[in-house]
Amino acid sequence: MSTGRETTLSENTLFGMGNPLLDISAVVDKDFLDKFGLKPNDQILAEEKHKALFEEIVKRNKVEYHAGGSTQNSVKIAQWMIQKPHKVATFFGCIGTDHFGEILKKKAEEAHVDAHYYEQNVEPTGTCAACITGDNRSLVANLAAANCYKKEKHLDLDSNWELVKKAKVYYIAGFFLTVSPESIIKVARHASDNNKIFCMNLSAPFISQFFKEPLMEVMPYVDILFGNETEAATFAKELGFETDDIAEIAKKTQNLPKENSSRQRVVVFTQGKDDTVATVGEKATMFPVLDIDQNDIVDTNGAGDAFVGGFLSALVQEQRLEECIRAGHYAANVIIRRVGCTFPEKPDFH
């Protein structure tokens with residue numbers, strides 16, 4: 001591995017694909033959560049009963065709109081950490097031909113991400129209600145257009161597939177398993193067949209619970225798996241690991257069947273303010289996060305995405321695992337001081 005900073009990166013080295021959503025963020029109270037049956041810290045897909053939630057949250061006095069979507073957040077943060085050249089990060093996903101879609105396009109451009117959206121007019125651009133209470137966030141995603149991504153209408157087109165082939169590192173959040181598992185498999189196989197790095201995220205407990213089959217179909221191609229402590233515990237339970245020790249879970253996950261045996265799988269589990277656990281060779285190692293005063297935490301929405309973004313920015317520069325984690329911790333530390341997954345003009349990371 002080189003020291004990385006000197007690596008001149010080319011455009012489209014990092015490829016991301018996922019659900020582009022517009023975050024609608026507001027501070028709410030416990031009554032609001034209870035009314036819609038929400039846990040304080042969770043991610044779920046919107047159901048019929050949440051229709052009123054979206055109508056109500058936009059009427060709150062301090063509502064903010066930010067470009068969101070887990071994978072899109074991560075590639076944006078990676079691009080922000082890298083700074084130059086622009087368009088190191090590519091992003092694919094589906095939006096509607098509407099005002100929210102225009103906002104997402106503009107925000108991606110401002111972040112210097114090379115976004116190629118599949119645009120359709122059947123469904124409106126997806127949204128995600130971020131219901132903030134203290135330093136918890138409950139996310140309710142209304143995928144809408146994001147759910148309309150079609151492999152044959154977008155990914156398979158020569159001009160788009162060429163961009164996929166240009167990449168060296170691939171990242172897709174587990175959330176996309178609910179949309180287009182066949183697109184994920186196509187990208188994952190390409191990475192594996194060409195000895196490139198394919199990364200994935202457990203993303204939310206419901207993915208392991210209700211989309212275990214597509215998740216496990218992709219798992220043999222996963223070189224780096226991300227997740228947080230709750231997701232790791234749910235995953236372990238679904239797979240019958242019979243342990244709630246996070247280091248053990250990481251080890252067992254590392255040892256799941258793998259297609260490209262020349263790369264040992266790396267498993268990285270974050271635990272909020274507690275140490276990040278990562279598999280290094282044959283053992284699980286703890287990496288302490290940066291200290292932060294509780295009072296400086298504005299909102300934890302996007303912290304996990306930011307960690308992955310920071311990690312990926314070092315990974316595409318061929319840094320060691322320890323460096324990738326350090327970059328991830330830095331990015332997450334910046335994001336939790338701000339509303340949503342937003343960032344200052346430049347990183348201050350050395």
Side-chain angles (χ1 to χ4, degrees), residues 10-21 45 67 69-76 78-79 87-98 100-102 104-105 108-109 111 113-126 141 143-201 203 207 211 213-225 258-260 263 312 316:
S10 39
E11 288 188 359
N12 310 112
T13 305
L14 172 64
F15 176 83
M17 178 166 62
N19 301 329
L21 305 174
L45 290 177
S70 185
T71 305
Q72 183 167 248
N73 283 342
S74 293
V75 299
K76 236 176 230 182
Q79 180 64 55
K87 296 190 175 181
V88 168
T90 316
F91 180 76
F92 286 7
C94 182
I95 58 175
T97 48
D98 51 23
F100 282 177
E102 288 305 314
L104 288 185
K105 284 201 274 193
E109 207 176 310
V113 168
D114 194 13
H116 293 256
Y117 296 114
Y118 168 48
E119 299 182 43
Q120 50 73 58
N121 54 16
V122 180
E123 287 282 339
T125 297
L143 297 184
N147 204 24
C148 300
Y149 189 84
K150 299 278 181 289
K151 175 176 165 288
E152 57 286 353
K153 292 256 176 72
H154 194 261
L155 186 69
D156 293 346
L157 303 183
D158 289 346
S159 57
N160 290 333
W161 188 247
E162 281 307 314
L163 288 169
V164 176
K165 293 199 315 207
K166 273 179 85 173
K168 294 194 174 88
V169 175
Y170 301 84
Y171 175 65
I172 302 177
F175 289 125
F176 203 58
L177 287 163
T178 76
V179 174
S180 185
E182 55 286 352
S183 295
I184 302 178
I185 291 285
K186 182 175 183 179
V187 171
R189 280 206 181 120
H190 167 79
S192 182
D193 292 347
N194 295 279
N195 196 29
K196 299 199 265 189
I197 304 173
F198 182 80
C199 312
M200 200 153 187
N201 203 315
S203 291
I207 297 292
F211 296 88
E213 210 174 309
L215 174 63
M216 294 320 288
E217 210 181 311
V218 181
M219 199 57 74
Y221 302 105
V222 178
D223 296 302
I224 303 177
L225 182 71
K258 190 158 188 315
E259 199 63 36
N260 176 6
R263 282 187 193 277
L312 294 171
V316 294

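Residues: numbered from 1 along the sequence shown.
- I197 places none of its side-chain heavy atoms less than 4.5 Å from the side chain of V316.
- Side-chain atoms of Y118 never come within 3.5 Å of backbone atoms of L155 as a donor-acceptor pair (strictly under, hydrogens ignored).
- When all heavy atoms of K76 and A67 are compared, the closest pair comes out as NZ-CB, 3.2 Å.
- Checked by atom type, the side-chain pair Y117/K105 shows no donor-acceptor distance below 3.5 Å.
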(message) Using the rule given for side-chain contact (heavy atoms from CB on, under 4.5 Å), can you reason through I184 versus M200, listing the C-alpha separation, both sets of side-chain angles and the distance that settles it, and then say yes or no?
(response) CA-CA 10 Å; I184 302 178; M200 200 153 187; 4.2 Å; yes

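- When all heavy atoms of G16 and V75 are compared, the closest pair comes out as CA-CG1, 3.9 Å.
- Using a 4.5 Å heavy-atom threshold, the side chains of V169 and C199 count as touching.
- Other residues, nucleotides and ligands place no more than 12 heavy atoms under 6.0 Å from the CD atom of E109.
- Ion pairing between a basic and an acidic side chain is recognised when a charged N comes within 4.0 Å of a carboxylate O; K258 and D223 show such pairing.
- Summarising the geometry, atom OG belonging to S180 is positioned 10.5 Å from atom CD1 belonging to I185; distances are rounded to the nearest 0.5 Å.
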(request) Could you check K166 against T90 for side-chain contact (heavy atoms from CB on, under 4.5 Å), going step by step and ending with a plain yes or no? (result) CA-CA 10 Å; K166 273 179 85 173; T90 316; over 6 Å; no

(message) Using the rule given for side-chain contact (heavy atoms from CB on, under 4.5 Å), can you reason through F198 versus N260, listing the C-alpha separation, both sets of side-chain angles and the distance that settles it, and then say yes or no?
(response) CA-CA 11 Å; F198 182 80; N260 176 6; over 6 Å; no

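- Heavy-atom neighbours of E152 CD from other residues, nucleotides or ligands within 6.0 Å: above the threshold of 12.
- Remark: the T125 side chain and the D98 side chain contain an N/O donor-acceptor pair separated by less than 3.5 Å.
- Side-chain atoms of N12 and D114 form a donor-acceptor pair, as typed in the model, at a separation below 3.5 Å.
- Judged by distance alone, with hydrogens and angles left aside, the side-chain atoms of K196 form a donor-acceptor pair with the main-chain N or O of A167 at under 3.5 Å.
- With contacts defined as side-chain heavy-atom distances shorter than 4.5 Å, the pair T71/Y171 qualifies.
- In this structure, CG in N19 is found 11.5 Å from OH in Y149, a value given to the nearest 0.5 Å.
- Q79 places none of its side-chain heavy atoms less than 4.5 Å from the side chain of L14.
- Of the candidates H116, H190, H154, W161 forms a ring pair (Phe, Tyr, Trp, His ring centres under 6.0 Å) with just one, namely H190.
- Taking every heavy atom of both residues into account, C94 and P20 meet most closely at O-CG, 3.4 Å.
- Here the shortest heavy-atom pairing between E123 and C148 reads CG-SG, 3.6 Å.
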(message) Assess the residue pair Q72 and V113 against the criterion (side-chain contact (heavy atoms from CB on, under 4.5 Å)); give the C-alpha distance rounded to whole Å, side-chain angles, the decisive distance to 0.1 Å, and a yes or no.
(response) CA-CA 9 Å; Q72 183 167 248; V113 168; over 6 Å; no

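- Distance check, rounded to the nearest 0.5 Å: CG of L177 to CD of E213 gives 11.5 Å.
- Separating the NZ atom in K151 from the CG atom in N160 is a distance of 12.5 Å, to the nearest 0.5 Å.
- Closest non-hydrogen pair, Y221 versus E259, comes out as CE2-CG, 3.6 Å.
- Counting heavy atoms of neighbouring residues, nucleotides and ligands inside a 6.0 Å radius, atom NZ of K168 does not exceed 12 of them.
- T178 approaches N147 most closely through the heavy-atom pair O-OD1, 3.8 Å.
- Proximity of a side-chain donor or acceptor of Q120 to a complementary backbone N or O of I95 within less than 3.5 Å is detected.
- Of the possible polar contacts, one joining the N201 side chain to the S203 backbone as a donor-acceptor pair under 3.5 Å is found.
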